[in-house]
Undergrad: 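To start, I am sharing the structure in question, which I have written as C-alpha coordinates.
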Amino acid sequence: MRVVILAHGDLDGLAAAATLMAALRRAKGARARLEITQPYNLYKALARLLAEPPDMLAIVDIGLDEASWQSTSSALRDIVERGRRVLWMDHHIHTIRHGLELAEIGVSLLYTSSGCASTLAREAFAHLTDDPAFYGKLTRLGEIADGAVKGEGEFALLADRLAAALSAPSSRDEFKLRLVRMWVEEHRLIDDEVALRAEEYEKALAEKMAEVEDRVVVEVRRGLLLDARDLRLSGFAGHIASRLARERGKVTALVFTPNEREVVATCRVPYNIDFNAVDELAPIAAELGGGGGGLEKAASMRVPRELGDEFLKKLADLFRRKLD
Ligand SMILES: [Mn+2]
(Lines give C-alpha, C1' and ligand atoms only; values in the text may rest on other atoms or scores of the structure.)
Protein backbone atom coordinates (compact mmCIF):
# COMPACT_ATOMS: atom_id res chain seq x y z
CA MET A 1 0.00 0.00 0.00
CA ARG A 2 1.40 3.38 -1.04
CA VAL A 3 0.67 6.08 1.50
CA VAL A 4 1.40 9.80 1.37
CA ILE A 5 1.02 12.06 4.40
CA LEU A 6 0.73 15.82 3.88
CA ALA A 7 1.39 17.48 7.22
CA HIS A 8 1.91 20.89 8.74
CA GLY A 9 5.59 21.38 9.61
CA ASP A 10 5.14 22.44 13.23
CA LEU A 11 5.61 20.19 16.25
CA ASP A 12 1.92 19.29 16.45
CA GLY A 13 1.70 18.33 12.79
CA LEU A 14 4.97 16.41 12.74
CA ALA A 15 4.28 14.51 15.98
CA ALA A 16 0.84 13.51 14.67
CA ALA A 17 2.30 12.49 11.30
CA ALA A 18 5.04 10.40 12.96
CA THR A 19 2.47 8.57 15.08
CA LEU A 20 0.33 7.82 12.03
CA MET A 21 3.43 6.62 10.13
CA ALA A 22 4.39 4.27 12.96
CA ALA A 23 0.86 2.88 13.17
CA LEU A 24 0.67 2.31 9.40
CA ARG A 25 4.01 0.57 9.43
CA ARG A 26 3.12 -1.85 12.23
CA ALA A 27 -0.57 -2.40 11.50
CA LYS A 28 -0.47 -2.34 7.67
CA GLY A 29 3.17 -2.91 6.77
CA ALA A 30 3.04 0.38 4.87
CA ARG A 31 5.85 2.90 4.62
CA ALA A 32 4.34 6.33 4.28
CA ARG A 33 6.04 9.20 2.46
CA LEU A 34 5.79 12.49 4.34
CA GLU A 35 5.52 15.90 2.71
CA ILE A 36 5.24 19.20 4.51
CA THR A 37 2.68 21.68 3.33
CA GLN A 38 0.53 24.66 4.35
CA PRO A 39 -3.21 25.37 4.17
CA TYR A 40 -2.88 27.85 1.30
CA ASN A 41 -0.90 25.49 -0.93
CA LEU A 42 -2.54 22.19 -0.04
CA TYR A 43 -4.25 22.23 -3.44
CA LYS A 44 -0.85 22.38 -5.16
CA ALA A 45 0.41 19.38 -3.21
CA LEU A 46 -2.77 17.52 -4.16
CA ALA A 47 -2.37 18.48 -7.82
CA ARG A 48 1.14 17.01 -7.82
CA LEU A 49 -0.29 13.71 -6.55
CA LEU A 50 -2.96 13.51 -9.23
CA ALA A 51 -0.67 11.93 -11.83
CA GLU A 52 -0.21 8.89 -9.63
CA PRO A 53 -2.32 9.07 -6.48
CA PRO A 54 -1.24 6.90 -3.53
CA ASP A 55 -3.60 4.21 -2.24
CA MET A 56 -4.10 6.29 0.86
CA LEU A 57 -3.59 9.97 1.47
CA ALA A 58 -3.58 11.54 4.93
CA ILE A 59 -3.85 15.29 5.50
CA VAL A 60 -2.58 16.08 8.98
CA ASP A 61 -2.95 19.33 10.95
CA ILE A 62 -3.65 21.41 7.86
CA GLY A 63 -6.59 23.75 8.27
CA LEU A 64 -8.91 24.13 5.32
CA ASP A 65 -8.13 27.35 3.47
CA GLU A 66 -11.31 29.11 2.34
CA ALA A 67 -9.57 31.05 -0.43
CA SER A 68 -8.35 27.93 -2.25
CA TRP A 69 -11.18 25.57 -1.23
CA GLN A 70 -12.54 25.23 -4.79
CA SER A 71 -9.24 23.92 -6.11
CA THR A 72 -8.65 21.79 -3.02
CA SER A 73 -12.08 20.16 -3.11
CA SER A 74 -11.92 19.36 -6.81
CA ALA A 75 -8.50 17.72 -6.42
CA LEU A 76 -9.81 15.68 -3.48
CA ARG A 77 -12.83 14.64 -5.53
CA ASP A 78 -10.53 13.45 -8.35
CA ILE A 79 -8.44 11.41 -5.95
CA VAL A 80 -11.44 9.75 -4.29
CA GLU A 81 -13.13 9.05 -7.64
CA ARG A 82 -10.05 7.08 -8.61
CA GLY A 83 -10.74 4.72 -5.72
CA ARG A 84 -8.20 6.16 -3.31
CA ARG A 85 -8.78 6.70 0.44
CA VAL A 86 -8.37 10.13 1.98
CA LEU A 87 -8.10 10.81 5.72
CA TRP A 88 -8.10 14.38 7.04
CA MET A 89 -7.02 14.84 10.70
CA ASP A 90 -7.46 18.32 11.98
CA HIS A 91 -8.49 20.75 14.70
CA HIS A 92 -8.96 23.97 12.71
CA ILE A 93 -12.49 25.30 12.72
CA HIS A 94 -12.76 25.97 8.96
CA THR A 95 -12.24 22.29 8.28
CA ILE A 96 -15.21 21.08 10.35
CA ARG A 97 -17.35 23.86 8.86
CA HIS A 98 -16.92 22.04 5.55
CA GLY A 99 -17.57 18.65 7.16
CA LEU A 100 -20.69 18.01 5.11
CA GLU A 101 -18.90 18.65 1.82
CA LEU A 102 -15.98 16.48 2.89
CA ALA A 103 -18.42 13.67 3.72
CA GLU A 104 -20.11 14.10 0.36
CA ILE A 105 -16.75 13.90 -1.43
CA GLY A 106 -15.90 10.79 0.58
CA VAL A 107 -13.08 12.15 2.74
CA SER A 108 -12.84 10.64 6.25
CA LEU A 109 -12.53 13.42 8.78
CA LEU A 110 -11.00 13.01 12.24
CA TYR A 111 -11.64 16.23 14.08
CA THR A 112 -11.33 17.66 17.57
CA SER A 113 -12.02 21.12 18.89
CA SER A 114 -10.74 20.39 22.39
CA GLY A 115 -7.27 19.16 21.45
CA CYS A 116 -5.00 19.28 18.44
CA ALA A 117 -3.77 16.91 15.72
CA SER A 118 -1.44 15.22 18.20
CA THR A 119 -4.38 14.50 20.53
CA LEU A 120 -6.18 12.74 17.67
CA ALA A 121 -3.05 10.84 16.69
CA ARG A 122 -2.52 9.57 20.23
CA GLU A 123 -6.12 8.50 20.71
CA ALA A 124 -6.51 6.92 17.27
CA PHE A 125 -3.09 5.51 16.46
CA ALA A 126 -0.60 5.33 19.35
CA HIS A 127 -1.94 1.94 20.51
CA LEU A 128 -1.27 0.52 17.02
CA THR A 129 2.41 1.47 17.04
CA ASP A 130 5.41 -0.56 18.18
CA ASP A 131 5.92 1.75 21.18
CA PRO A 132 2.73 3.37 22.49
CA ALA A 133 4.57 5.01 25.41
CA PHE A 134 7.00 6.79 23.08
CA TYR A 135 4.24 8.09 20.81
CA GLY A 136 2.20 9.01 23.87
CA LYS A 137 5.06 11.23 24.93
CA LEU A 138 5.73 12.64 21.46
CA THR A 139 2.08 13.58 20.96
CA ARG A 140 2.04 15.19 24.43
CA LEU A 141 4.87 17.45 23.21
CA GLY A 142 2.81 18.32 20.12
CA GLU A 143 -0.09 19.29 22.38
CA ILE A 144 2.11 21.48 24.57
CA ALA A 145 3.61 23.23 21.54
CA ASP A 146 0.14 23.92 20.14
CA GLY A 147 -1.06 25.22 23.52
CA ALA A 148 -3.69 22.48 23.86
CA VAL A 149 -2.31 21.50 27.26
CA LYS A 150 0.04 23.18 29.69
CA GLY A 151 3.56 21.74 29.75
CA GLU A 152 5.26 20.90 33.02
CA GLY A 153 8.86 20.08 33.89
CA GLU A 154 10.78 17.95 31.42
CA PHE A 155 7.88 17.91 28.97
CA ALA A 156 7.76 21.71 28.78
CA LEU A 157 11.53 21.90 28.20
CA LEU A 158 11.49 19.28 25.46
CA ALA A 159 8.50 20.84 23.70
CA ASP A 160 10.17 24.26 23.83
CA ARG A 161 13.43 22.93 22.46
CA LEU A 162 11.79 21.10 19.59
CA ALA A 163 9.40 23.92 18.70
CA ALA A 164 12.31 26.37 18.76
CA ALA A 165 14.46 24.15 16.53
CA LEU A 166 11.62 23.81 14.01
CA SER A 167 11.30 27.60 13.93
CA ALA A 168 14.98 28.46 13.50
CA PRO A 169 15.47 30.70 10.46
CA SER A 170 17.64 28.08 8.77
CA SER A 171 15.34 25.09 9.46
CA ARG A 172 13.96 23.77 6.19
CA ASP A 173 11.79 20.80 5.31
CA GLU A 174 14.81 18.46 5.07
CA PHE A 175 15.52 18.99 8.77
CA LYS A 176 11.88 18.39 9.66
CA LEU A 177 11.72 15.18 7.64
CA ARG A 178 14.95 13.98 9.22
CA LEU A 179 13.55 14.71 12.69
CA VAL A 180 10.45 12.63 11.98
CA ARG A 181 12.66 9.82 10.67
CA MET A 182 14.68 9.91 13.90
CA TRP A 183 11.50 9.65 15.97
CA VAL A 184 10.09 6.78 13.96
CA GLU A 185 13.31 4.81 13.40
CA GLU A 186 15.16 5.43 16.65
CA HIS A 187 12.49 6.53 19.12
CA ARG A 188 14.74 9.40 20.10
CA LEU A 189 13.08 12.76 20.69
CA ILE A 190 16.03 15.10 20.44
CA ASP A 191 19.63 15.27 19.19
CA ASP A 192 22.50 17.76 18.89
CA GLU A 193 21.15 19.37 15.74
CA VAL A 194 17.88 20.13 17.55
CA ALA A 195 19.83 21.79 20.37
CA LEU A 196 21.90 23.90 17.97
CA ARG A 197 18.90 25.01 15.97
CA ALA A 198 16.99 25.83 19.16
CA GLU A 199 19.88 28.11 20.18
CA GLU A 200 19.89 29.79 16.79
CA TYR A 201 16.17 30.43 17.11
CA GLU A 202 16.40 31.77 20.67
CA LYS A 203 19.12 34.22 19.66
CA ALA A 204 17.18 35.51 16.66
CA LEU A 205 13.98 35.73 18.70
CA ALA A 206 15.67 37.64 21.53
CA GLU A 207 16.94 40.24 19.04
CA LYS A 208 13.47 40.74 17.55
CA MET A 209 11.80 40.81 21.00
CA ALA A 210 14.11 43.59 22.12
CA GLU A 211 13.01 45.69 19.13
CA VAL A 212 9.30 45.03 19.62
CA GLU A 213 9.03 45.53 23.37
CA ASP A 214 8.94 49.33 23.28
CA ARG A 215 6.15 49.35 20.67
CA VAL A 216 3.32 48.98 23.23
CA VAL A 217 0.10 50.75 22.24
CA VAL A 218 -2.19 49.43 24.98
CA GLU A 219 -1.33 47.52 28.09
CA VAL A 220 -4.22 46.58 30.34
CA ARG A 221 -4.70 43.99 33.07
CA ARG A 222 -5.15 41.03 30.70
CA GLY A 223 -4.15 42.48 27.34
CA LEU A 224 -1.12 43.78 25.43
CA LEU A 225 -1.31 45.42 22.02
CA LEU A 226 1.84 46.29 20.05
CA ASP A 227 2.40 48.25 16.88
CA ALA A 228 5.45 46.92 15.02
CA ARG A 229 4.42 48.09 11.55
CA ASP A 230 7.76 49.82 11.03
CA LEU A 231 9.91 46.80 11.98
CA ARG A 232 11.08 43.89 9.89
CA LEU A 233 10.01 40.82 11.82
CA SER A 234 11.03 38.29 9.15
CA GLY A 235 8.65 35.50 10.11
CA PHE A 236 8.96 35.99 13.85
CA ALA A 237 5.69 37.84 14.52
CA GLY A 238 3.74 34.80 15.71
CA HIS A 239 6.63 33.64 17.85
CA ILE A 240 7.04 37.04 19.48
CA ALA A 241 3.31 37.23 20.24
CA SER A 242 3.34 33.70 21.70
CA ARG A 243 6.34 34.44 23.87
CA LEU A 244 4.93 37.72 25.16
CA ALA A 245 1.53 36.12 25.86
CA ARG A 246 3.21 33.43 27.88
CA GLU A 247 5.71 35.64 29.72
CA ARG A 248 3.25 38.40 30.59
CA GLY A 249 0.20 36.17 30.98
CA LYS A 250 -1.81 38.54 28.76
CA VAL A 251 -3.71 38.30 25.51
CA THR A 252 -1.13 39.69 23.08
CA ALA A 253 -1.83 41.16 19.67
CA LEU A 254 1.09 42.22 17.50
CA VAL A 255 0.37 44.40 14.48
CA PHE A 256 2.97 44.26 11.71
CA THR A 257 3.46 44.71 7.97
CA PRO A 258 4.26 41.40 6.23
CA ASN A 259 4.22 42.94 2.72
CA GLU A 260 3.45 46.23 1.00
CA ARG A 261 -0.27 45.51 0.64
CA GLU A 262 -1.36 44.40 4.09
CA VAL A 263 -1.23 44.95 7.79
CA VAL A 264 -1.63 41.87 9.97
CA ALA A 265 -2.57 41.49 13.62
CA THR A 266 -1.46 38.21 15.09
CA CYS A 267 -3.00 37.37 18.44
CA ARG A 268 -2.10 34.83 21.11
CA VAL A 269 -4.18 34.00 24.16
CA PRO A 270 -2.74 32.47 27.36
CA TYR A 271 -4.40 29.12 28.09
CA ASN A 272 -6.04 30.44 31.27
CA ILE A 273 -7.74 33.50 29.74
CA ASP A 274 -11.18 33.08 28.25
CA PHE A 275 -10.97 35.10 25.01
CA ASN A 276 -11.79 33.72 21.59
CA ALA A 277 -9.32 35.45 19.26
CA VAL A 278 -11.13 34.38 16.07
CA ASP A 279 -14.57 35.51 17.26
CA GLU A 280 -13.28 38.78 18.71
CA LEU A 281 -10.91 39.87 15.93
CA ALA A 282 -12.52 38.55 12.75
CA PRO A 283 -15.47 41.00 12.80
CA ILE A 284 -13.07 43.93 13.14
CA ALA A 285 -10.99 42.78 10.17
CA ALA A 286 -14.16 42.08 8.14
CA GLU A 287 -15.48 45.59 8.88
CA LEU A 288 -12.30 46.96 7.29
CA GLY A 289 -12.55 44.76 4.23
CA GLY A 290 -10.06 42.20 5.48
CA GLY A 291 -10.24 38.74 6.98
CA GLY A 292 -8.31 35.94 8.56
CA GLY A 293 -8.68 32.98 10.84
CA GLY A 294 -6.92 30.53 13.06
CA LEU A 295 -7.78 29.11 16.44
CA GLU A 296 -9.43 30.40 19.58
CA LYS A 297 -6.02 30.90 21.19
CA ALA A 298 -3.93 31.80 18.11
CA ALA A 299 -5.38 33.81 15.25
CA SER A 300 -4.19 36.23 12.56
CA MET A 301 -6.23 38.89 10.79
CA ARG A 302 -5.25 41.00 7.78
CA VAL A 303 -6.55 44.31 6.46
CA PRO A 304 -5.45 46.58 3.58
CA ARG A 305 -2.33 48.48 4.54
CA GLU A 306 -3.88 51.95 4.32
CA LEU A 307 -6.39 50.97 7.03
CA GLY A 308 -3.68 50.06 9.52
CA ASP A 309 -4.31 53.07 11.80
CA GLU A 310 -8.03 52.38 11.87
CA PHE A 311 -7.37 48.69 12.59
CA LEU A 312 -5.10 49.54 15.52
CA LYS A 313 -7.66 51.96 16.93
CA LYS A 314 -10.39 49.32 16.85
CA LEU A 315 -8.10 46.73 18.41
CA ALA A 316 -7.16 49.21 21.15
CA ASP A 317 -10.88 49.75 21.88
CA LEU A 318 -11.46 46.01 22.01
CA PHE A 319 -8.55 45.44 24.39
CA ARG A 320 -9.66 48.22 26.73
CA ARG A 321 -13.25 47.03 26.69
CA LYS A 322 -12.72 43.28 27.05
CA LEU A 323 -9.38 42.81 28.74
CA ASP A 324 -9.11 45.44 31.45
MN1 LIG B 1 -1.94 21.99 15.12
Side-chain angles (χ1 to χ4, degrees), residues 5-23 32 34-42 45 57-66 72 87-99 102 107-126 135-151 155-156 158-167 171 173 176-177 179-180 183 189 201 235 237-239 241-243 245-246 266-271 276-278 292-300:
I5 299 175
L6 302 176
H8 185 203
D10 69 351
L11 188 53
D12 179 37
L14 296 179
T19 306
L20 173 58
M21 280 167 108
L34 175 62
E35 242 183 75
I36 290 164
T37 188
Q38 300 274 352
Y40 63 87
N41 59 19
L42 174 61
L57 169 68
I59 300 168
V60 177
D61 194 32
I62 295 174
L64 185 151
D65 173 53
E66 298 281 356
T72 308
L87 171 69
W88 193 324
M89 282 170 69
D90 198 16
H91 63 118
H92 296 92
I93 187 78
H94 291 288
T95 310
I96 196 74
R97 291 206 172 134
H98 288 269
L102 288 167
V107 170
S108 306
L109 181 60
L110 285 185
Y111 184 83
T112 179
S113 58
S114 62
C116 54
S118 289
T119 316
L120 291 167
R122 181 174 56 253
E123 292 177 358
F125 306 125
Y135 293 99
K137 194 168 176 181
L138 178 62
T139 50
R140 180 65 66 198
L141 300 177
E143 288 179 314
I144 295 168
D146 247 33
V149 300
K150 186 172 159 38
F155 276 93
L158 276 170
D160 266 11
R161 268 291 167 86
L162 283 163
L166 290 169
S167 305
S171 292
D173 288 357
K176 299 178 181 187
L177 298 175
L179 189 61
V180 170
W183 293 338
L189 288 168
Y201 165 82
H239 303 278
S242 295
R243 187 60 65 92
R246 191 168 74 187
T266 193
C267 183
R268 297 293 182 278
V269 181
Y271 74 97
N276 186 322
V278 176
L295 302 162
E296 191 179 320
K297 302 229 173 283
S300 291

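Read the numbers this way: they start at 1 and go in the same order the structure lists the ligands and their atoms.
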Undergrad: Using side-chain hydrogen bond (donor to acceptor under 3.5 Å, both in side chains), reason through T266 and S300 one step at a time and then give a plain yes or no.
TA: CA-CA 4 Å; T266 193; S300 291; 2.8 Å; yes
Undergrad: Can you sort out the partners of H239 under ring-ring contact (aromatic ring centres under 6.0 Å, His included), two or more places apart, ordered by chain and number?
TA: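 For H239, the residues satisfying ring-ring contact (aromatic ring centres under 6.0 Å, His included) (neighbours in sequence not counted) are Y201, F236.
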Undergrad: State, with a plain yes or no, whether a side-chain heavy atom of K137 is found less than 4.5 Å away from one of L158.
TA: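 Heavy-atom side-chain distance check passes, below 4.5 Å.
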Undergrad: At the Mn ion (ligand 1), what's the angle from D61 OD2 to D12 OD2, rounded to 10 degrees?
TA: 90°
Undergrad: Do you know which N/O/S atom name in D146 is closest to the Mn ion (ligand 1)?
TA: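 That would be atom OD2.
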Undergrad: Before giving the answer on side-chain contact (heavy atoms from CB on, under 4.5 Å), spell out for S118 and D12 the whole-Å C-alpha distance, their side-chain angles and the decisive distance to 0.1 Å.
TA: CA-CA 6 Å; S118 289; D12 179 37; 2.7 Å; yes
Undergrad: Has H91 got an N, O or S atom lying less than 2.8 Å from the Mn ion (ligand 1)?
TA: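 An N, O or S atom of H91 is closer than 2.8 Å to the Mn ion (ligand 1), so yes.
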